[in-house]
Structure formats: C-alpha cells, structure tokens
Undergrad: 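Before we start, here is the structure in question, set down as structure tokens.
The structure presented is a predicted model; accordingly, all values stated were derived computationally and were not measured.
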Amino acid sequence: MLRHLRLRAWLAITVIAAATPAIAADVLNVGLVPSEDANVVIADNKPFLDVLGRALQMEVKPFIATDYNGVIEALRSKRLDIAFMGPFSYVLAVSVADVEAFAVAETSKQTTTYRAYIIARKDRGIRSLADLKGRTFAFVDPTSTSGHLFPKAALFKIGFDPDRDFSRVIFAGGHDAVAIAVQNGKVDAGAIADGLFDAAAARGVIKRDELAIVWTSEPIAGSPFCMRRDLPADFKKKIRESFYAMRDVPWGSKGVLKRWEPIDDRAYDLVRDAAKVLNLDLRKLK
C-alpha cells in the first residue's frame, strides 16, 4: 500500500513538472537568427547580452541555429526563452509556437523600421525589376523578411514569377553571403536588408560603387525580440523591464543600441499581408 502511495505521489509530481514551463535555473536561453556569419552575430551581440545578464542577475546563453527555422523549432520545443527574429520568421514562429513580440530596437543607424533592397552589379545592366527576367538571383533564406518575402512579393505584384522567370535562384543563407555573391558575380542580383547592405560596405565585404540598388521596399516593422507566453508572469515582467531600461549599448555592425521600444503582434500584419500575396500557408512553411 505504502509503495502504491509513493508511486502515485511520484506520478503526480511528474505530471506537475511536465506542465510547468521549463526554465533552467539562473540561465536565460536566447535565440539569435543567423543573419550574418555566426561568429559575427555572437561578437555583435555580446555587449548587449552582457548588459541583459547583469540586469537580470543571471547567465544569458546565446543560441544560433544554422537557419531561421532552427530558432523557431527551438522556441517551439521550449529550449529557448526569448529570441531575436526577423519579422517574417517571427510571424512563422507565432503560427507554430506560443510566443509574443515585446521589443524592437532603435539604433544609431536605424529607427524601429527598415527596408528591403534588391541589389545588382552595375555592369550587369539591371536598372529595374523587369530587367531581372532570365537573370540569376540570390535570396537569403525562405523565412527571411527582407531577404525573401518582401522582394518576392514585389516581383509577383508586377507579374514576375521568381520561380519561373529567373534562370537560377539560390538561397545564400545570410545577408552578407548575398552581398558577396552579387559582388563576386556568382549571381546577377540579390535581396538584402538595408542596414546589412550598409554594414557589408562598411566592412569592405562589398564595393558600394560597383553595386546598384534596383528596388527598395516600403518601411517594415523592425526585427522583434519575442518571448514564450508560458514563462512565469513575474519573469516576463522582469525581462521587459530589463530591455526597456537599456540605453546606449554597443551593437556591432548595427552601431549603438539606443533603446528598446515596446511592440506587439499587430505591428507585423504588413508581413502577413505580403505572405498572402504569395499565397503562403505559414504553418506549412515551418
């Protein structure tokens, strides 16, 4: 009888533990999308993550997947507590995981919005979207906002089918990789975020005078930090307060992180609208 009572008590504890959001003691697991080389991403974010760790008085552990979906999957499986994501990857994450956007950055180089570019080598004679027909092209990643979703939607709107009208398409994996592919002539043109185009030029990865900006998008709500909704309420409040209190933190190629502004899910409806143009089923993209 005593053995049965102990077994029932153990089972009850196990059920409660399984229902409780998993948070490693004194560790905040932070996801970062691989928008550039992983070593660059880690180096750029270290000062910010150090400030966050001191504010929360806990270890902050960064995680960079090999692609955008790796971060989404880590959120879904609760291996991450918070994550910095592109707008489209955030919208995809919301479709499969219980997460919410809570902060967007203003930096010395960029406001809380940004734009997508399509760039090309000047010597390829590409001056408009129509000139891309029959050319080779580089997108960043299928779940990249500025490196895929918005440029592709813009092409669809003029009757250009990227799946049929390019002679060859590659997914380079990072914005800097797109810049290099265009610069080196591996492709005729490519999609990239405005700030990351500027950063690649500043680092000497590309020669700006050899490249043309063929197309520019409308303003897009910036990349958000999101958190799992099932984190304890007091912990979520502490995370938000720690973000909103930050001021003037070095942030690598992004310049200086001036502040984090509150943001919510509605800010990304424009991204959902672009997905509709492409008839994308968000849940199937994950």
Undergrad: Indicate yes or no for a side-chain donor-acceptor contact from Asp194 to the backbone of Tyr114 under 3.5 Å, with no hydrogens or angles considered.
TA: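 Pair absent, no side-chain N/O of Asp194 close to backbone of Tyr114.
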Undergrad: Classify the ring geometry of Trp260 against Phe48: parallel below 30°, tilted from 30° to 60°, perpendicular beyond 60°.
TA: tilted
Undergrad: For Lys122 and Asp209, what are the C-alpha separation, side-chain angles and deciding distance, and is it a salt bridge (Lys or Arg N to Asp or Glu O under 4.0 Å)?
TA: CA-CA 8 Å; Lys122 288 181 178 178; Asp209 61 347; over 6 Å; no
Undergrad: Working to the nearest 0.5 Å, report the span between CZ of Arg76 and CG of Asn69.
TA: 11.5 Å
Undergrad: Is the shortest heavy-atom distance from the side chain of Phe102 to the side chain of Asp264 under 4.5 Å?
TA: no
Undergrad: Do NZ/NE/NH1/NH2 and the carboxylate oxygens of Arg54 and Glu59 come within less than 4.0 Å?
TA: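 Salt bridge between Arg54 and Glu59, a charged N being under 4.0 Å from a carboxylate O: no.
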Undergrad: Is the shortest heavy-atom distance from the side chain of Leu231 to the side chain of Arg228 under 4.5 Å?
TA: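 A side-chain contact exists here, since the closest heavy-atom pair is under 4.5 Å.
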Undergrad: Show your reasoning for whether side-chain contact (heavy atoms from CB on, under 4.5 Å) applies to Val30 and Phe63.
TA: CA-CA 6 Å; Val30 181; Phe63 166 80; over 6 Å; no
Undergrad: If you count every heavy atom of other residues, nucleotides or ligands that lies below 6.0 Å from Arg203 atom CZ, does the total exceed 12?
TA: yes
Undergrad: Going hydrophobic residue to hydrophobic residue with side-chain gaps under 4.5 angstrom, can you get from Val33 over to Val40?
TA: no
Undergrad: What is the minimum heavy-atom distance between Pro87 and Val271, and which atoms define it?
TA: CB-CG2, 3.8 Å
Undergrad: Do Thr145 and Ser89 come within less than 4.5 Å of each other through their side chains, counting heavy atoms only?
TA: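 The answer is no, as the side chains (C-beta and beyond) never meet within the 4.5 Å cut-off.
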Undergrad: In sequence, state the C-alpha distance, the side-chain angles, and the governing distance for Lys238 and Asp234, and then conclude on salt bridge (Lys or Arg N to Asp or Glu O under 4.0 Å).
TA: CA-CA 6 Å; Lys238 189 174 182 181; Asp234 58 343; over 6 Å; no
Undergrad: If every non-hydrogen atom of Ile64 is compared with every non-hydrogen atom of Ala38, which pair is closest and at what distance?
TA: CD1-O, 3.6 Å
Undergrad: Would you call the rings of Phe139 and His148 parallel, tilted or perpendicular, taking 30° and 60° as the class edges?
TA: perpendicular
Undergrad: Check step by step if side-chain contact (heavy atoms from CB on, under 4.5 Å) holds for Arg115 and Ser146.
TA: CA-CA 7 Å; Arg115 295 176 187 270; Ser146 55; over 6 Å; no
Undergrad: Answer yes or no: are there more than 12 heavy-atom neighbours, outside Lys236 itself, under 6.0 Å from its atom NZ?
TA: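 Atom NZ in Lys236 is crowded, with more than 12 foreign heavy atoms closer than 6.0 Å.
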Undergrad: Can Arg259 and Asp248 be counted as an ion pair, charged N to O under 4.0 angstrom?
TA: no
Undergrad: Between Lys152 and Asp161, does at least one N-O distance fall below 4.0 Å, as a salt bridge requires?
TA: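 Salt bridge between Lys152 and Asp161, a charged N being under 4.0 Å from a carboxylate O: no.
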Undergrad: Salt-bridge test for Lys78 and Asp230: reply yes if a basic N is under 4.0 Å from a carboxylate O, no otherwise.
TA: yes
Undergrad: Applying salt bridge (Lys or Arg N to Asp or Glu O under 4.0 Å) to Arg247 and Glu106, what does each step give before you reach the verdict?
TA: CA-CA 10 Å; Arg247 293 292 185 274; Glu106 179 185 347; over 6 Å; no
Undergrad: Answer yes or no: are there more than 12 heavy-atom neighbours, outside Lys109 itself, under 6.0 Å from its atom NZ?
TA: yes
Undergrad: To the closest 0.5 Å, what do you measure between CD (Gln110) and CG (Asp198)?
TA: 8.5 Å
Undergrad: Quick check: closest heavy atoms across Ala138 and Val187, and the distance to 0.1 Å?
TA: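 Closest approach of Ala138 to Val187, heavy atoms only: CB-CG2, 3.8 Å.
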Undergrad: For salt bridge (Lys or Arg N to Asp or Glu O under 4.0 Å), just list the numbers for Arg272 and Asp265, CA-CA rounded to whole Å, side-chain angles, deciding distance to a tenth of an Å, and then say yes or no.
TA: CA-CA 11 Å; Arg272 295 182 175 96; Asp265 185 78; 2.9 Å; yes
Undergrad: Main chain of Thr107, side chain of Lys254: is a donor-acceptor contact present, judged purely on distance under 3.5 Å?
TA: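 Judged by distance alone, no pair lies under 3.5 Å.
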Undergrad: If we ignore hydrogens and angles and just use 3.5 Å, is the side chain of His175 paired with the main-chain N or O of Ala193 as donor and acceptor?
TA: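 A pair under 3.5 Å: yes.
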Undergrad: May I ask you to test the Phe84-Ser223 pair for a side-chain heavy-atom distance under 4.5 Å?
TA: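 In contact.
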Undergrad: Main chain of Val140, side chain of Ser144: is a donor-acceptor contact present, judged purely on distance under 3.5 Å?
TA: no
Undergrad: With no hydrogens and no angle check, is any side-chain donor or acceptor of Arg229 less than 3.5 Å from a backbone partner on Asp98?
TA: no
Undergrad: Which heavy atom of Ala191 sits nearest a heavy atom of Pro151, and at what distance?
TA: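 Between these two residues, the closest heavy atoms are CB-CG, 3.6 Å.
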Undergrad: May I ask you to check whether Phe166 and Phe160 place their ring centers less than 6.0 Å from one another?
TA: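 Phe166 vs Phe160: aromatic centres under 6.0 Å.
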Undergrad: Could you check whether Gln57 and Asp26, counting side-chain N and O atoms only, form a donor-acceptor pair closer than 3.5 Å?
TA: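 Absent: no donor and acceptor within the cut-off.
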Undergrad: Run the salt-bridge test on Arg121 and Asp188 with the 4.0 Å N-O cut-off and return the result as yes or no.
TA: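 So Arg121 does not pair with Asp188 through a salt bridge.
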Undergrad: Hey, what do you get for OG1 (Thr216) to CD1 (Ile118), rounding to the nearest 0.5 Å?
TA: 9.5 Å
Undergrad: Output the distance between atom CG (Leu80) and atom CG (Leu75), rounded to the nearest 0.5 Å.
TA: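 That separation rounds to 5.0 Å.
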Undergrad: To the closest 0.5 Å, what do you measure between CG (Leu129) and CD1 (Ile158)?
TA: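 Reported value, rounded in 0.5 Å steps: 4.5 Å.
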Undergrad: Verify, without hydrogens or angle tests, whether Asn184 (side chain) and Ala181 (backbone) share a donor-acceptor contact under 3.5 angstrom.
TA: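 It does not hold such a pair.
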Undergrad: With a 4.5 Å heavy-atom cut-off, do Leu32 and Val71 have their side chains touching?
TA: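 No, their side chains stay 4.5 Å or more apart.
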Undergrad: Should Phe150 and Leu270 be marked as a side-chain contact (heavy atoms from CB on, under 4.5 Å) after you check the CA-CA gap, both sets of side-chain angles, and the distance that decides it?
TA: CA-CA 10 Å; Phe150 273 74; Leu270 185 65; 4.1 Å; yes
Undergrad: Taking the side chain as C-beta and beyond, is there a heavy-atom pair between Asp81 and Met227 under 4.5 Å?
TA: no
Undergrad: How close do Leu257 and Ala105 get, counting heavy atoms only, and between which atoms?
TA: CD1-CB, 3.6 Å
Undergrad: Any side-chain heavy-atom pair from Val249 and Val256 closer than 4.5 angstrom?
TA: no
Undergrad: Identify the two heavy atoms, one from Tyr268 and one from Ala101, that lie closest to each other, and give their separation to 0.1 Å.
TA: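 Nearest heavy atoms, Tyr268 then Ala101: CE1-CB, 4.2 Å.
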Undergrad: Do Trp251 and Asn45 have side-chain atoms, one donor and one acceptor, less than 3.5 Å apart?
TA: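 Distance-only check passes for Trp251 and Asn45.
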Undergrad: Would you give the length of the straight line joining atom CZ of Phe235 to atom CD1 of Ile82, rounded to the nearest 0.5 angstrom?
TA: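 Going from the CZ atom of Phe235 to the CD1 atom of Ile82 covers 8.0 Å.
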Undergrad: Determine whether Phe197 and Val178 satisfy the following criterion, side-chain contact (heavy atoms from CB on, under 4.5 Å), listing intermediate values before the conclusion.
TA: CA-CA 9 Å; Phe197 175 74; Val178 168; over 6 Å; no
Undergrad: Could you tell me whether a side-chain N or O of Tyr90 sits under 3.5 Å from a main-chain N or O of Glu100, the two making a donor and an acceptor?
TA: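 Checked: no pair found.
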Undergrad: So do the side chains of Tyr117 and Trp215 get within less than 4.5 Å of each other, counting heavy atoms only?
TA: no
Undergrad: Is Ser217 reaching over with its side chain to a backbone N or O of Ala116, donor-acceptor style, under 3.5 angstrom?
TA: yes
Undergrad: Has Ser167 got a side-chain atom pairing as donor or acceptor with Arg135's backbone, closer than 3.5 angstrom?
TA: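 Yes, because the side chain of Ser167 sits within donor-acceptor range (under 3.5 Å) of the backbone of Arg135.
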